[in-house]
J.: 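I have a structure I would like to understand better, so I am pasting it below and will then ask my questions one at a time.
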Amino acid sequence: MTDELTDAAERLAELLEERGDVEGAVAVYRQASGDPNASYGLAQLLVRHGRGDEAVDVLRAQAEARPGEDWILHTLADLCLDQGRPQDGLAHLDDLKARRGGSGTCSGSASR
């Protein structure tokens, strides 16, 4: 999807949300879900409407599709933390590290 189409989809989703059509906004973002920025917008929309678990799923799919995009990983980790699911975020990072050929785990170093 081109930047122009992504921008148009984002604006349409914003208008639908403003008019109370959250499901319509979700549908617009889902049609553009191949674009990481659209997926980020969808995740934000879902969180605003109490659908944090769905938002985590959306960003997890993007993180798996684009393992080299660190901003997606950081956003996913932050979202997991915000949703009270820090272990899910750490588990995803551990899995990614293993797939990249790393050793050890991330979760052991994050205990507080």
Side-chain angles (χ1 to χ4, degrees):
M1 182 170 270
T2 67
D3 288 341
E4 292 83 19
L5 287 176
T6 300
D7 291 343
E10 183 177 333
R11 186 64 191 131
L12 176 57
E14 289 170 358
L15 287 170
L16 289 168
E17 182 184 15
E18 288 170 7
R19 293 182 177 179
D21 186 2
V22 174
E23 290 309 313
V26 168
V28 168
Y29 274 126
R30 287 200 191 280
Q31 288 179 357
S33 65
D35 180 272
N37 293 317
S39 293
Y40 175 76
L42 173 58
Q44 288 182 316
L45 172 71
L46 292 168
V47 167
R48 282 193 301 274
H49 293 279
R51 297 164 64 175
D53 287 341
E54 287 178 72
V56 169
D57 292 342
V58 166
L59 288 181
R60 179 175 288 129
Q62 279 298 318
E64 289 173 0
R66 293 175 165 74
E69 301 268 348
D70 287 344
W71 73 270
I72 296 172
L73 297 174
H74 288 261
T75 304
L76 174 60
D78 288 344
L79 180 58
C80 286
L81 185 60
D82 291 345
Q83 295 300 309
R85 299 171 52 181
Q87 293 304 321
D88 289 344
L90 291 171
H92 181 75
L93 292 174
D94 285 344
D95 180 54
L96 179 64
K97 186 175 182 179
R99 282 191 273 152
R100 287 183 175 175
S103 60
T105 64
C106 297
S107 57
S109 63
S111 59
R112 294 182 187 182

J.: Shortest non-hydrogen contact from A63 to H92?
T.: CB-NE2, 3.4 Å
J.: Search all heavy atoms of L59 against all heavy atoms of A43 and return the closest pair with its distance.
T.: CG-CB, 3.8 Å
J.: Among residues at least two apart in sequence or on other chains, which ones pass salt bridge (charged side-chain N to carboxylate O under 4.0 Å, His left out) with E54?
T.: R30, R51
J.: Apart from L45 itself, what residues make up its hydrophobic cluster when side-chain heavy atoms of I, L, V, M, F, W and Y under 4.5 Å apart count as a link, directly or indirectly?
T.: V22, V26, Y29, L42, L46, V58
J.: Shortest non-hydrogen contact from A25 to A13?
T.: CB-O, 3.3 Å
J.: Hey, what else clusters with L16 if you join Ile, Leu, Val, Met, Phe, Trp, Tyr whenever side-chain heavy atoms sit under 4.5 Å?
T.: L12, V28
J.: Mind checking side-chain hydrogen bond (donor to acceptor under 3.5 Å, both in side chains) for R85 and listing every partner two or more places apart, or none if nothing turns up?
T.: D53, D88
J.: Please table the atom pairs, donor to acceptor, closer than 3.5 Å between any side-chain atom in residues 71-81 and protein atoms at least two apart or in another chain.
T.:
residue	atom	partner	partner atom	Å
W71	NE1	E69	OE1	3.1
T75	OG1	W71	O	2.7

J.: Going by salt bridge (charged side-chain N to carboxylate O under 4.0 Å, His left out), name the residues that satisfy it together with E17, two or more places apart in sequence or in a different chain.
T.: R48
J.: Who passes side-chain hydrogen bond (donor to acceptor under 3.5 Å, both in side chains) against Q83, sequence neighbours left out?
T.: none
J.: Looking at V47 and A55, what are the two nearest heavy atoms and their distance?
T.: CG2-CB, 3.6 Å
J.: Sequence neighbours excluded, which residues qualify as salt bridge (charged side-chain N to carboxylate O under 4.0 Å, His left out) partners of R60?
T.: D57
J.: Determine the minimum heavy-atom distance between Q62 and S39, stating which atoms define it.
T.: NE2-OG, 3.1 Å
